[in-house]
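By convention in this document, chain letters (A, B, ...) are assigned in the order of the sequence lines, proteins followed by strands, and residues within each chain are numbered from 1.
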There are 2 protein chains.
Amino acid sequence: MSKTAKTPKSQLTEEKILDAARKIFVQQGMMGARMQDIADEAGINKALLHYYFKNKEQLFEMIFKQASIRLFPRINQIFNSDDPLFVKIESFCAEYIDVVMENPYLPLFVLNEIHRDTELFIQKIWGESNRPNPLKLLMQIEEEVQKGTIRRVNPMHLLMNMISMTMFPFVARPMLQANLGMDDWTFRMMMEQRKKEIPDFIIRSIKL
Amino acid sequence: MSKTAKTPKSQLTEEKILDAARKIFVQQGMMGARMQDIADEAGINKALLHYYFKNKEQLFEMIFKQASIRLFPRINQIFNSDDPLFVKIESFCAEYIDVVMENPYLPLFVLNEIHRDTELFIQKIWGESNRPNPLKLLMQIEEEVQKGTIRRVNPMHLLMNMISMTMFPFVARPMLQANLGMDDWTFRMMMEQRKKEIPDFIIRSIKL
DNA sequence: GTCTATAATTTGATAGAC
DNA sequence: GTCTATCAAATTATAGAC
């Protein structure tokens with residue numbers, strides 16, 4: 001048996017820990033999270049936690065990398081697909097909202113941590129493979145402008161508008177819910193609508 | 001001399017502390033910030049820090065309230081003005097970008113902390129007076145729809161689109177800069193453009 | 001692999017001299 | 001008002017039994 005092989009039991013515990021850590025880290029951030037809370041959430045004690053993960057930082061990096069891997073490759077897949085522009089915009093919104101709906105606090109978490117330690121993020125988490133790369137999409141927008149399919153528009157601003165309208169509600173969720181008296185169900189329904197609403201809003205603005 | 005009167009010296013030190021605390025808190029969040037770091041940044045020691053502010057929480061609340069007061073009343077002023085819709089959209093984008101450009105990390109900070117402790121935020125920081133209230137703007141949108149000035153659009157989605165496109169670049173700034181190789185000057189210039197770009201983008205999408 | 005108990009470290013907060 | 005020195009509490013990490 002190799003060094004990295006896992007018994008069924010250790011796999012199960014490791015999974016429990018990772019689930020617990022994800023929940024606590026995403027809720028509290030790297031600094032706010034307490035190893036005790038993670039252990040409690042996992043139904044084990046701190047010693048066992050350290051048995052599986054040498055220290056907090058290592059556990060954090062694992063969680064963070066997992067989160068990035070779940071999020072960014074799918075975005076890149078859409079950014080780099082061969083679909084026509086309007087289809088791409090629809091796919092991006094729908095796909096992103098679907099993925100994030102299951103981990104609603106992931107975007108804020110990611111933005112937080114990349115802000116807290118940009119270098120760590122770029123080097124250790126994004127290894128070129130996970131790094132979002134919108135280049136092809138940007139060129140595609142420029143092409144459509146040249147062809148006269150859409151109005152003269154700055155591709156970067158268009159990209160930013162699309163990403164903003166899709167991600168932001170997740171990032172601002174507590175503020176929105178507090179201010180508009182929106183419950184979880186309503187928020188969910190609203191995001192479901194936005195899968196159509198955002199592409200529609202964009203296309204109406206740029207089509208000739 | 002009343003209890004709250006301040007000598008020139010104590011005012012100066014208090015100001016130094018608040019500036020330092022703002023910087024550290026906005027950078028690290030409530031949990032990540034260290035009293036030592038704040039003291040260092042202010043060029044004093046921890047004891048003196050506690051002399052001016054009883055504890056970390058009190059200092060944090062002060063900073064946070066200051067930040068909120070700088071941000072939200074101006075937003076409300078625009079939300080509740082009597083300007084026509086299109087003018088209002090332009091004012092909001094321009095004003096918001098201008099205010100936040102001077103404290104670029106304020107939005108992420110606010111969203112973070114409201115996420116961390118929603119109750120504290122709503123009760124202690126927003127005292128009805130600071131609370132963003134978009135009701136009038138929402139009704140105004142609905143009116144324009146009725147009048148046939150703009151297409152049939154869900155006011156809430158429109159509001160969310162506007163806020164998203166304006167705030168999000170600040171929230172995602174480190175990610176954007178890292179991914180697009182954007183330096184500070186470029187970011188600044190881009191946001192300057194967006195004061196026109198966003199209203200234009202919106203109006204083209206909704207006008208009939 | 002998992003636990004209890006405890007060490008080691010960090011960090012918020014205070015006492016007391018000047 | 002400001003500092004040095006120190007305490008007290010919280011929190012990460014480890015030792016060692018089972």
Side-chain angles (χ1 to χ4, degrees), chain A residues 1-64 112-113 116-117 120 124, chain B residues 1-64 112-113 116-117 120 124:
Chain A
M1 226 190 224
S2 91
K3 258 200 276 186
T4 53
K6 309 241 171 63
T7 68
K9 193 167 191 181
S10 68
Q11 263 199 37
L12 189 72
T13 304
E14 191 171 325
E15 214 31 67
K16 276 197 303 182
I17 292 176
L18 287 171
D19 286 345
R22 181 162 32 251
K23 179 172 171 183
I24 301 296
F25 274 131
V26 166
Q27 218 166 64
Q28 309 283 344
M30 159 69 175
M31 298 310 275
R34 296 292 160 236
M35 294 297 266
Q36 184 62 62
D37 295 339
I38 295 173
D40 290 348
E41 181 72 30
I44 58 169
N45 58 35
K46 276 187 297 179
L48 194 56
L49 191 52
H50 279 91
Y51 173 80
Y52 278 89
F53 297 91
K54 194 162 62 54
N55 54 36
K56 188 179 174 181
E57 186 147 341
Q58 191 191 300
L59 178 55
F60 177 78
E61 271 185 34
M62 179 76 78
I63 293 298
F64 205 44
N112 246 324
E113 298 304 328
R116 197 177 58 85
D117 191 346
L120 171 81
K124 291 203 176 172
Chain B
M1 226 189 229
S2 91
K3 254 200 278 186
T4 52
K6 308 240 172 60
T7 69
K9 193 166 192 183
S10 69
Q11 262 199 38
L12 189 72
T13 305
E14 189 170 326
E15 214 31 68
K16 275 198 303 181
I17 292 176
L18 287 171
D19 286 345
R22 183 164 27 254
K23 178 172 173 184
I24 301 295
F25 274 131
V26 165
Q27 214 165 67
Q28 309 283 343
M30 160 68 175
M31 299 309 275
R34 295 293 159 238
M35 293 298 266
Q36 185 63 61
D37 296 338
I38 295 173
D40 290 349
E41 181 73 30
I44 57 168
N45 59 33
K46 276 189 297 179
L48 194 55
L49 191 51
H50 279 93
Y51 174 78
Y52 277 90
F53 296 90
K54 194 161 63 52
N55 55 35
K56 187 180 175 181
E57 186 146 340
Q58 192 193 297
L59 178 55
F60 177 78
E61 272 185 35
M62 178 76 79
I63 293 297
F64 205 44
N112 246 325
E113 297 305 327
R116 196 178 59 85
D117 191 344
L120 171 79
K124 292 204 177 171

Salt bridge (Lys or Arg N to Asp or Glu O under 4.0 Å): pairs with one or both residues in residues 21-37 of chain B, sequence neighbours excluded: B:D19-B:R22, B:K23-B:E41

DNA chain C base-pair string [pairs: Watson-Crick or G-U under 3.5 Å; |: paired with another strand]: ||||||||||||||||||

A:L49 to A:A39 - nearest heavy-atom pair and separation: CD2-N, 4.0 Å

Positional range of nucleotides in DNA chain D within the contact set of chain B, heavy-atom, under 4.0 Å: D:dG1 to D:dT4

Taking every non-hydrogen atom, the tightest pair across B:M31 and B:K56: O-NZ, 3.8 Å

Residue-level proximity of residues 28-42 of chain A to DNA chain C when a heavy atom falls under 4.0 Å: none

Positions of residues 45-53 of chain B (non-hydrogen atom under 4.0 Å from DNA chain D), listed by number: B:N45, B:A47, B:L48, B:Y51, B:Y52

Within residues 42-55 of chain B or reaching into it, pairs that qualify as salt bridge (Lys or Arg N to Asp or Glu O under 4.0 Å) - sequence neighbours excluded: none

Heavy-atom check, side chain of A:L18 versus side chain of A:L59, under 4.5 Å: yes

Minimum-distance pair of heavy atoms, taken over all atoms of A:A20 and A:I38: CB-O, 3.6 Å

Ring pair (Phe, Tyr, Trp, His ring centres under 6.0 Å) partners of residues 26-49 of chain B, not counting sequence neighbours, each pair once: none

Non-neighbouring partners of A:E113 that pass side chain to side chain donor-acceptor pair (under 3.5 Å), sequence neighbours left out: A:R116

Salt bridge (Lys or Arg N to Asp or Glu O under 4.0 Å) partners of A:E57, counting only residues at least two apart: none

Nearest-nucleotide comparison on DNA chain C, the residue closer to the 5′ end among B:K56 and A:I44: A:I44

Qualifying residues under salt bridge (Lys or Arg N to Asp or Glu O under 4.0 Å), relative to A:E15, sequence neighbours excluded: none

Within residues 13-41 of chain A or reaching into it, pairs that qualify as ring pair (Phe, Tyr, Trp, His ring centres under 6.0 Å) - sequence neighbours excluded: A:F25-A:F60

Partners meeting side chain to side chain donor-acceptor pair (under 3.5 Å) with B:Q36 (sequence neighbours left out): B:D40

